[in-house]
**Q** 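Let me begin by handing over the structure; questions about it come next.
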Amino acid sequence: MSAPIALIDCNNYYVSCERAFDSSLVGVPVIVLSNNDGCAIARSAEAKALGIKMGDPIHHLRDVVRRHGIRVLSSNYTLYGDMQRRVIAACEPFARDFEIYSIDETFLDLAGFEGRDLVDHARAMREQVRLWTTIPTCVGIAETKTLAKLANAAAKKDARFEGVADLRDDAVRREVMDAFAVGDVWGVGGATARKLTDLGVHTAGALRDMPMKQARAVGTVVLERLVAELRGVPSDAVESVAPRRKGMAVTRSFGTPVCDFDRMMGALSQYALRAGEKLRMHGLVAGRLTAFFHTNRNRPDRPQYGGSRTVTLHPMSSDSFELIAAARRAAERAWRDGYAYTKAGILLDDLVPEAERPRTLFEADTAKRDRLMGALDAINAKFGTWTAVTATQGFKREWKLRSEMRSPAWTTKIADVPMVRA
DNA sequence: TCTGGGGTCCTAGGACCC
DNA sequence: TCTGGGGTCCTAGGACCC
């Protein structure tokens, strides 16, 4: 029998982070918007009750926002990232090992804790997180990650669990799985869900009982592994060491569409500069760079074009100026006049640690360049990303993203630290 | 007028090689 | 008219996740 796995998941995470520092947000409907203030990506329970869905564009919500006095916030990733560290710190004593899965979800390896009542154990952990951060959580316990995800969803949905569901009990597991829609299973998206329901597979329980061969035919090895996990056979362990990152991206939608090449290069230069900064932060170099841009895909009535080109970087590099030059080469080849572009980005591939970078025969002395990059990073770290920029970016940044309702950096910026008067 | 950003994994198919 | 078989590597695109 494999060691139990738990998944702790923060409820309405971004909203809960905002509420930790602004009590006027408690008990009222709140939504947090995506970058560019585009759509709702986090909703409080009250906002969900009003029918607001994940990903709803804000301009479709104007009426309901006004009618119900919904509080609307831009996203504040600095705050959410810092709060995540505190959540993990609170969980530390409760597990042997952790795998941080996303900003609000962490898998815990409970090997060595089997002797205890794991439901009580999880309750104590939730309480610790609540005390340290005010953030409410739910915990799912099971023998595989997929079942732990399912347990967590059950704990969120069904009040009888009081925030902690343990699916290691056969009867409980069966009952939950037979009531669980197949499309809500972790790893089953819209396309696969349609195929499965056409075959008469409507619940997690039915998916678990599907023959492995059939699962593979419907959804390749991915679905086959998923069925195994639903049967309690782990195909994926809790891995505390993050695997080496394969790619990296800096992409943005524009506040105002971009129609001319120079302005596009302004945006792409900025993204390439930021991409270089991210590479250096992780001690990596990239072997390939892709630049892309496209028109508004939500407006098929307008002329559509998407261009993308990939260029090889040799030598491999994390030098922002080389990335900008590569971005220009790629963009020139992909460019077409006469379109209103609404999004662009830089993708980096073939990432390798700086120390393992293959050396080439004709390499310029990079010491000077390294110092320049170091200075650039230091300035932008101190005064905010995109304080020091390159001349190629231009100074008219009409395309820059919107973020008009962002909360203060309560925990990471001295000027924003909340003041308490007693 | 206004619809996010950043990832992972897998497969099919083309180019190329012997 | 008939035109191999088996590899590798790379890329584009689909599907999925938060």
Side-chain angles (χ1 to χ4, degrees), chain A residues 7 9-14 31-43 52-63 65 72 74-77 80-81 84 99-107 145-146 149 152-153 183-196 216-226 235-236 239 242-257 271 274-275 278 282 287-288 290 292 294-302 306-312 340 342-351 399 401-404:
Chain A
L7 174 69
D9 182 315
C10 301
N11 301 351
N12 315 324
Y13 181 60
Y14 296 173
I31 59 180
V32 176
L33 302 179
S34 60
N35 256 328
N36 215 27
D37 292 346
C39 46
I41 52 167
R43 306 102 72 214
I52 291 168
K53 301 272 181 296
M54 176 73 177
D56 275 351
I58 185 66
H59 67 272
H60 288 173
L61 299 175
R62 297 281 179 225
D63 274 354
V65 164
V72 179
S74 302
S75 36
N76 184 345
Y77 292 103
Y80 313 148
Q84 178 188 29
E99 177 181 328
I100 297 169
Y101 175 67
S102 74
I103 196 157
D104 67 332
E105 285 169 90
T106 299
F107 287 106
K145 285 182 176 176
T146 308
K149 278 286 265 192
N152 194 287
D184 293 338
V185 174
W186 187 38
V188 178
T192 311
R194 267 190 300 282
K195 286 189 209 163
L196 288 170
R216 194 184 182 110
V218 171
T220 76
V221 295
V222 179
L223 194 63
E224 193 180 39
R225 282 201 289 254
L226 202 156
S235 71
D236 195 11
E239 301 279 4
R244 180 191 287 182
R245 202 205 279 245
K246 307 222 162 64
M248 199 178 265
V250 179
T251 73
R252 292 288 182 279
S253 292
F254 300 133
T256 336
Y271 304 162
R274 172 70 187 138
K278 279 169 81 172
H282 290 94
R288 296 188 325 153
T290 304
F292 77 85
H294 62 73
T295 49
N296 188 348
R297 301 212 160 121
N298 299 302
R299 294 300 304 265
D301 52 312
R302 295 190 191 154
S308 147
R309 288 293 184 283
T310 302
V311 297
T312 307
T342 54
K343 181 171 179 172
I346 297 290
L347 311 170
L348 299 172
D349 277 303
D350 288 356
L351 307 188
W399 38 264
L401 60 82
R402 286 185 295 264
S403 187
E404 289 162 0

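Labels below follow one simple rule: chain letters A, B, ... track the order of the sequence lines, proteins then strands, and each chain is numbered from 1.
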**Q** Between Ser253(A) and dG5(B), is there a side-chain N or O to OP1/OP2 distance below 4.0 Å?
**A**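 Looking at the OP1 and OP2 atoms of dG5(B), one of them is under 4.0 Å from a side-chain N or O of Ser253(A).
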**Q** Carefully, step by step, assess Lys246(A) and Leu351(A) under the rule side chain to side chain contact (heavy atoms under 4.5 Å, CB included).
**A** CA-CA 6 Å; Lys246(A) 307 222 162 64; Leu351(A) 307 188; over 6 Å; no
**Q** Hey, which of these two, Ala249(A) or Tyr77(A), hits DNA chain B nearer its 5' end, going by closest nucleotide?
**A** Tyr77(A)
**Q** Check the distance between dG4(B)'s P and Phe292(A)'s CZ and give it to me in whole angstrom.
**A**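 Those two atoms, CZ and P, are 12 Å apart.
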**Q** Going by salt bridge (Lys or Arg N to Asp or Glu O under 4.0 Å), name the residues that satisfy it together with Asp236(A), two or more places apart in sequence or in a different chain.
**A** Lys145(A)
**Q** Regarding Lys278(A), tell me which of base, sugar-phosphate or nothing describes its non-hydrogen contacts under 4.0 Å with the strands shown.
**A** sugar-phosphate
**Q** Counting just side-chain N and O atoms, does Lys343(A) come under 4.0 Å of either OP1 or OP2 of dG5(B)?
**A** yes
**Q** Under 4.0 Å between any heavy atoms, over every strand shown, what does Arg225(A) touch: base, sugar-phosphate, or nothing? Just pick one.
**A** sugar-phosphate
**Q** What is the distance from CG of Asn152(A) to P of dC18(C), rounded to the nearest Å?
**A** 11 Å
**Q** Nearest whole angstrom, please: distance from the P of dC9(B) to the CZ of Arg245(A).
**A** 13 Å
**Q** When all nucleic acid strands are considered with a 4.0 Å heavy-atom cut-off, which category describes Val185(A): base, sugar-phosphate, or nothing?
**A**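 Here Val185(A) touches the backbone only, sparing every base.
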**Q** For a quick check of understanding: with a heavy-atom distance under 4.0 Å over all strands, which category does Gly219(A) fall into, base, sugar-phosphate or nothing?
**A**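 If one applies the 4.0 Å heavy-atom cut-off, Gly219(A) turns out to touch nothing in the nucleic acid.
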**Q** Using the test salt bridge (Lys or Arg N to Asp or Glu O under 4.0 Å), find all partners of Arg309(A) that sit at least two apart in sequence or belong to another chain.
**A**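 Arg309(A): no salt bridge (Lys or Arg N to Asp or Glu O under 4.0 Å) contacts found.
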**Q** For nucleotides 13-15 of chain B, print each protein N/O atom paired with a nucleotide N/O atom at under 3.5 Å, atom names and distance only.
**A**
none

**Q** Show your reasoning for whether side chain to side chain contact (heavy atoms under 4.5 Å, CB included) applies to Asn35(A) and Tyr77(A).
**A** CA-CA 10 Å; Asn35(A) 256 328; Tyr77(A) 292 103; 4.3 Å; yes
**Q** Within less than 4.0 Å of OP1 or OP2 of dC2(B), is there a side-chain N or O belonging to Arg299(A)?
**A**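 For dC2(B), OP1 or OP2 has a side-chain N or O of Arg299(A) closer than 4.0 Å.
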**Q** Starting from C1' on dT1(B), measure out to CZ on Arg302(A) and report it in whole angstrom.
**A** 8 Å
**Q** Checking Ser102(A) now: which residues fulfil side-chain hydrogen bond (donor to acceptor under 3.5 Å, both in side chains) with it, not counting sequence neighbours?
**A**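 Checked Ser102(A) against side-chain hydrogen bond (donor to acceptor under 3.5 Å, both in side chains); matches are Asp104(A), Glu105(A).
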**Q** In dot-bracket, 5' to 3', how would DNA chain B read with Watson-Crick or G-U wobble pairs under 3.5 Å, [ ] for crossing ones and | for pairs to another strand?
**A** ....||||||||||||||
**Q** Which word best sums up how the rings of Phe107(A) and Trp186(A) line up, parallel for under 30°, tilted for 30 to 60°, or perpendicular for over 60°?
**A** tilted
**Q** Side chain to side chain contact (heavy atoms under 4.5 Å, CB included) for Ile31(A) and Ile58(A)? Distances and angles first, verdict last.
**A** CA-CA 10 Å; Ile31(A) 59 180; Ile58(A) 185 66; 4.0 Å; yes
**Q** How many whole angstroms separate atom CG of Asp184(A) from atom C1' of dC16(C)?
**A**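 Distance check: Asp184(A) CG to dC16(C) C1' gives 14 Å.
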**Q** For Ser75(A), does its backbone N or O pair with a side-chain atom of Tyr80(A) as donor and acceptor, under 3.5 Å?
**A**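 Absent.
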**Q** Rounded to whole Å, how long is the line connecting atom CD1 of Ile31(A) with atom C1' of dT3(B)?
**A**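 Going from Ile31(A) (CD1) to dT3(B) (C1'), I get 13 Å.
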**Q** Using 30° and 60° as the class boundaries, would you call the ring planes of His294(A) and Phe292(A) parallel, tilted or perpendicular?
**A**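 Ring orientation of His294(A) relative to Phe292(A): parallel.
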**Q** So if I take residues 54-63 of chain A and measure heavy-atom distances to DNA chain C, which residues fall below 4.0 Å?
**A**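 Contacts with DNA chain C under 4.0 Å: none.
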**Q** Restricting to non-hydrogen atoms, name the atom on Ala249(A) and the atom on Lys278(A) that form the minimum distance, rounded to 0.1 Å.
**A**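 For Ala249(A) and Lys278(A), the tightest heavy-atom pair comes out as O-NZ, 2.9 Å.
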**Q** Would you say Lys149(A) places a side-chain N or O within less than 4.0 Å of OP1 or OP2 belonging to dC17(C)?
**A** no
**Q** Mind running side chain to side chain contact (heavy atoms under 4.5 Å, CB included) on Thr106(A) and Glu99(A) for me, showing each step along the way?
**A** CA-CA 6 Å; Thr106(A) 299; Glu99(A) 177 181 328; 5.8 Å; no
**Q** Between Arg302(A) and Asn296(A), is there a donor-acceptor pair closer than 3.5 Å when you use the side chain of the first and the backbone of the second?
**A**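 It does not hold such a pair.
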**Q** Report the distance from atom OH of Tyr101(A) to atom P of dG6(B), rounded to the nearest whole Å.
**A**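 The distance from OH of Tyr101(A) to P of dG6(B) comes to 17 Å, rounded to the nearest Å.
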**Q** Respond yes when some side-chain nitrogen or oxygen of Ser102(A) is under 4.0 Å from OP1 or OP2 of dC17(C), and no when none is.
**A** no
**Q** Return no unless some side-chain N or O of Arg252(A) is found under 4.0 Å from OP1 or OP2 of dG6(B).
**A** yes
**Q** Report the distance from atom CZ of Arg288(A) to atom C1' of dC10(C), rounded to the nearest whole Å.
**A** 8 Å
**Q** Among the candidates dG4(B), dC9(B), dT11(C), find the nucleotide nearest to the side-chain atoms of Ile41(A).
**A** dG4(B)
**Q** Can a donor-acceptor pair be found, under 3.5 Å and without considering hydrogens, that links the side chain of Ser34(A) to the backbone of Cys39(A)?
**A** yes
**Q** Checking all strands, does Thr192(A) fall into the base, sugar-phosphate, or nothing category for heavy-atom contacts under 4.0 angstrom?
**A**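 Sugar-phosphate, no base atom in range.
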